[in-house]
Amino acid sequence: AQVLVESGGGSVQVGGSLRLSCAASALTTNFIGWFRQAPGKAREGVAAVATADGSAFYDDSAKGRFTIARDNAKKTVFLQMNRLQPEDSAIYYCAAEHIGGSLLSPNGYKYWGQGTQVTVSS
């Protein structure tokens, strides 16, 4: 089983940046994804990374603003978020072990962290 712990959330103003971290008990998983869920909305995929070669995949909302990267030595996956907007406010979760379907679908992952809150204010 994987244990995932997110950190790095917080409150920023519009246009600001945050770097989220997802510490995994092991990076033997194939993919790690970042997801977010705003109040009253469904959980949605933001980005995913292949732990073997670092290939990155992004939702359209994240392209050009967010960067996902992994550090295998530290067993950590990062999500650098720039030019944040109020609509980016949500609880951000990381997930591991992709079991099928889209890399950005919450239904495709087996293990989940507890989440970290991101709030962007104008």
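Predicted, not measured: the structure shown is a model, and the values here were computed from it.
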| If Ile, Leu, Val, Met, Phe, Trp and Tyr residues are connected whenever their side-chain heavy atoms lie under 4.5 Å apart, and connections chain through other members, are Leu79 and Tyr111 in the same group? | no
| query | Hey, is CD on Gln114 packed in by over 12 heavy atoms from elsewhere, all under 6.0 Å? | reply | no
| remark: Sorted by chain and residue number, the side chain to side chain contact (heavy atoms under 4.5 Å, CB included) partners of Asn30 (sequence neighbours excluded) come out as His98
| request: Take atom CD of Gln85 as the centre, draw a 6.0 Å sphere, and report whether it contains more than 12 heavy atoms from other residues, nucleotides or ligands. | output: yes
| field | For Asp53, salt bridge (charged side-chain N to carboxylate O under 4.0 Å, His left out) partners two or more places apart | value | none
| query | Closest heavy-atom contact between Ala24 and Leu4? | reply | CB-CD2, 3.7 Å
| Would you call Leu20 and Val118 a side-chain contact if the rule is heavy atoms closer than 4.5 Å? | yes
| remark: The complete set of salt bridge (Lys or Arg N to Asp or Glu O under 4.0 Å) pairs with one or both residues in residues 98-112, sequence neighbours excluded, reads none
| said: Do Ile32 and Phe78 land in one hydrophobic cluster if side-chain heavy atoms of ILVMFWY residues count as linked below 4.5 Å? | reply: no
| message | Give me each pair satisfying side-chain hydrogen bond (donor to acceptor under 3.5 Å, both in side chains) with a member in residues 31-41, each pair once, sequence neighbours excluded. | response | Arg36-Glu44, Arg36-Ser61, Arg36-Asp88, Arg36-Tyr92, Gln37-Arg43
| field | side-chain hydrogen bond (donor to acceptor under 3.5 Å, both in side chains) contacts touching residues 17-27 (sequence neighbours left out) | value | Gln2-Ser25, Ser17-Asn82
| message | Quick check against the 3.5 Å criterion: does Thr119 have a side-chain atom that pairs as donor or acceptor with the backbone of Ser89? | response | no
| query | Quick one: does Val14's side chain get under 4.5 Å of Leu84's, heavy atoms only? | reply | no
| query | Please, which pairs that meet disulfide bond (SG atoms under 2.5 Å apart) have at least one residue in residues 14-114, sequence neighbours excluded? | reply | Cys22-Cys94
| said: If I compare all heavy atoms of Ala38 with all of Ala90, which pair ends up nearest, and what's the gap? | reply: N-CB, 3.8 Å
| Mind checking what makes side chain to side chain contact (heavy atoms under 4.5 Å, CB included) contact with Ser102, not counting sequence neighbours? | Leu104, Ser105
| note | The complete set of salt bridge (Lys or Arg N to Asp or Glu O under 4.0 Å) pairs with one or both residues in residues 69-80, sequence neighbours excluded, reads none
| said: I'd like to check the side chain to side chain contact (heavy atoms under 4.5 Å, CB included) partners of Ala56; sequence neighbours left out, ordered by chain and number. | reply: Tyr58, Ile68
| Members besides Phe31 in its Ile/Leu/Val/Met/Phe/Trp/Tyr cluster (side-chain heavy atoms under 4.5 Å) | Phe35, Phe57, Ile91, Tyr93, Leu103, Tyr109, Trp112
| query | At their closest point, which heavy atom of Thr29 faces which heavy atom of Thr51, and how far apart are they? | reply | O-OG1, 2.5 Å
